[in-house]
Amino acid sequence: WEWRDDLTWVTYDYDQAMDLDNLYQELLNSPTMSVTRMLLGDRQGVPSLSKHKEDGEQYARYNIEMQLDDGGNLNVQQRNRKSGFLRPVRQSVLVPEKAFEELPLYKKMWEAAKERYDRICEEREEGLAMPSFFDRWFIRLPPGLCSIDRSTVTSGSDAESLILSALQEQHCEEAKAKLTMEIDKAECKAEETFPGALKPSESAESARDDFQDWMASRLGEDLPLAVTVEATGLDLSVKLTSLGKQNLEIGRLLLKSWIQERERAILAKQAEVQFPENWLSVDNEAEGLDFQPVAPDSLEFAEVVQLMRHETGLAPKETARQNLFTNRIVKVEQVIHRNLWRKYYRFRQLLDNPNEVWVKHGTGSTDPELVCDNGFNRSYSKPDSGNMWGQGIYTAESAKYSSDGYVRPTHNETHKQMLLCLFAAGKVFQPPPEEYGQKSERQTKEPPKGFDSIRGIVKRVGQDVDFALISYQDNQIYPFYRVTYE
C-alpha cells in the first residue's frame, strides 16, 4: 500500500499495511462497497510530523476512505482528520524481495507466514497418504473387541460391504452402532452460502464455470462439491454443497484461494497501461520525449483543427461557442512520452469517473517542449500571483483565450504554439458566478471535499464568458498534441 506525496509514492509501514489489508477485506464483504477506517500517521514506527493535528492529539491522524465502483475498480484516499487534505492511495503488486528492501519487518513476517504455509502443506500431504475413512475410524475402537473386513458387493452396486467380526455379539452391535453414526455424520449434506463473495464483473454462470474448472485443475474431475452462483443485489453469492463437513471445509479454502487469485489478476490488469491507439508504434521500455507529426491530409489532423476552433472542456454542446479560434494551423504533432502517459493513466484509474475532456493550455514564457518533457507542475503557480482560482494548473475551453497572451512564439516569431491536452476532470466543482473575482478564491490549493477539479470563470465581457478548468494535481493532465499556428 502506498500514498501519494507531491512527487513520489510512499510505502506505508508494516502495521499500516496490515490495517489496510484488513480494511480491504472488509470492503470486499461490504454491501455498500464503501468503508472508512482511522489510521495513525506514522512510518516505520515514527509518528507523522504533520502540523495538522486534532485538538488534544500529539500526532496527526487520518481517515482511509476505500470504495469499489460498479466496475469493480478500487478507489482509496487518505484524508487528514484535522485539515481534510486528501492524498490518493494505491495498492501495488509488490514482490517479496522489493518489500524486504523497502520495509525490513516484512521479511520477518513473510518468513513466519511461509513456515506456517509449508507446515500446512506437509500436514495435508500426510493426510492424503492416510488410510481410508473406515480404517481411520476403526483404529479408534478398543483393541481386540472387533475386526473389520471390506468386500465389494457383487450386485452391480458401487457401494462397499463391511463385515464386522467379534467374539461377542454385543461388541459387534456396539461397533455397528458407532460405525453407522460415523457414516451418517460423514455423508450428511453440508452446505454454506458466501454472500457478496464476488463483484458482478461477469455473469453468475461464467463465474460458476470458472470456479469449477479451477477446482478441477487442482482436484481432478471427481469434485466433492456442487457449486451455485447467484446474483444478490449488486454482488454475486456463492453456495457450496457437499457430503460431509470435511469436504465443505476443503471447498471453503478453495473458494478463498480462487477469489484471491482473481483479485490479484484484476490488480495486475489494472496495473497494465494502455497506450493511445493512434500512437502508431510505442516502445514500452523507451524513455524520453518524442514528437510525431500528424499528416495534414489525415482525419486526425482535421479533428484536432475542430477541437481548436470550438469551445471544448465542459462547455455544454448546445451553448458552446463555435469558430472562436480562426488562426491557420500549420502543424500538429503527437506528444509521445511513455512515462508521463503512465502517470496520467494511473491517476485516471483512481477516479470513480475520469470524465476525460479536451482542453487548451498556453505555456506563457516557457517553451512548450519543456512541459511536454517534464509534465505539468503546479508549483509554478504561486498563491500570490493573482490567479483567479488559486494555485493550480489552468487550462482553457477556448483556444482564443489561451492565444490572447498565454502562448509562446516560436524562435522565428512568425508562429505560436499551444498544447491540446487530455484532462481527467473527474467530479468538477463549479463555483456560482457571483464568486468570480473574489479575493478569497485566490488562495485555493485544492478542490472542495468530494471534487477532483474546478471549473471557474476567468474572463467576462458582456455576454461572453470564458471558463478555465483547473487541476490541483500534476498528473491529471496530459499534453496530447503540440499545435503550431500563425
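Note that this is a predicted model, so its numbers are computed, not measured.
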Pair Gln292-Asp290, side chain to side chain donor-acceptor pair (under 3.5 Å): steps then yes or no
CA-CA 7 Å; Gln292 288 293 328; Asp290 185 23; 2.9 Å; yes
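- Taking the side chain to side chain donor-acceptor pair (under 3.5 Å) definition, one finds that Glu192 meets it with Arg252, sequence neighbours left out.
- Evaluation of the ring-ring contact (aromatic ring centres under 6.0 Å, His included) rule for Phe291 yields no partner, not counting sequence neighbours.
- Taking the charged nitrogens against the carboxylate oxygens, Arg460 and Asp466 have no contact shorter than 4.0 Å, which rules out a salt bridge.
- Judged by distance alone, the side chain of Ser453 and the main-chain N or O of Ala425 form a donor-acceptor pair under 3.5 Å.
- A centroid separation of less than 6.0 Å is found between the aromatic rings of Tyr401 and Tyr406.
- Taking the ring axis of Trp1 as reference, the NZ or CZ atom of Arg90 does not stay both within 45° of it and closer than 6.0 Å to the ring centre.
- Taking Phe423 as the reference, nothing meets the ring-ring contact (aromatic ring centres under 6.0 Å, His included) condition, with sequence neighbours excluded.
- Not a single salt bridge (charged side-chain N to carboxylate O under 4.0 Å, His left out) links Lys256 to another residue, sequence neighbours left out.
- In this structure, Glu300 CD and Asn278 CG are separated by 4.5 Å, a value rounded to the nearest 0.5 Å.
- Panel note: side chain Asn374, backbone Leu370; a donor-acceptor pair is recorded below 3.5 Å.
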Checking side chain to side chain donor-acceptor pair (under 3.5 Å) for the pair Thr32/Ser30: CA distance, chi angles, key distance, verdict?
CA-CA 5 Å; Thr32 63; Ser30 169; 3.0 Å; yes
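- The ring-ring contact (aromatic ring centres under 6.0 Å, His included) search around Phe467 returns none, not counting sequence neighbours.
- The closest donor-acceptor contact from the side chain of Gln78 to the backbone of Arg4 lies at 3.5 Å or more, if one exists at all.
- For the atom pair Trp214 CH2 and Leu254 CG, the distance stands at 5.5 Å (nearest 0.5 Å).
- Ionic pairing of Glu397 and Arg455 is present here: one or more N-O contacts between side-chain nitrogen and carboxylate oxygen are shorter than 4.0 angstrom.
- Counting only residues at least two apart or on different chains, the salt bridge (charged side-chain N to carboxylate O under 4.0 Å, His left out) pairs with a member in residues 352-361 are Arg348-Glu356.
- Considering only residues two or more places apart in sequence or on other chains, Asp474 meets the salt bridge (charged side-chain N to carboxylate O under 4.0 Å, His left out) condition with Arg378.
- Residues passing the salt bridge (charged side-chain N to carboxylate O under 4.0 Å, His left out) test with Glu333, sequence neighbours excluded: Lys331, Arg482.
- Taken from CH2 in Trp358 to OG1 in Thr312, the straight-line distance is 9.5 Å, to the nearest 0.5 Å.
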Decide yes or no on side chain to side chain donor-acceptor pair (under 3.5 Å) for Arg81 and Asn63, but give the supporting numbers first.
CA-CA 6 Å; Arg81 289 168 62 100; Asn63 280 346; 2.9 Å; yes
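- Shown here are the salt bridge (charged side-chain N to carboxylate O under 4.0 Å, His left out) partners of Arg37, two or more places apart in sequence or in another chain: Glu26.
- Within the model, atoms CD of Gln476 and SG of Cys421 stand 12.0 Å from one another, a figure rounded to the nearest 0.5 Å.
- Residues satisfying the ring-ring contact (aromatic ring centres under 6.0 Å, His included) test with Phe376, not counting sequence neighbours, are His361.
- The aromatic rings of Phe480 and Tyr478 lie perpendicular to each other, with more than 60° between the two planes, well past the 30° mark.
- Side-chain atoms of Ser83 come within 3.5 Å of backbone N or O of Phe85 as a donor-acceptor pair.
- Between atom CD of residue Gln25 and atom CG of residue Leu20 there is a gap of 12.0 Å, rounded to the nearest 0.5 Å.
- No side-chain N or O of Gln349 forms a donor-acceptor pair with one of Asn73 less than 3.5 Å apart.
- Remark: Ser237 engages Thr232 in a side chain to side chain donor-acceptor pair (under 3.5 Å) (not counting sequence neighbours).
- Applying the side chain to side chain donor-acceptor pair (under 3.5 Å) rule to Glu303 yields no partners; only residues at least two apart in sequence or on another chain are considered.
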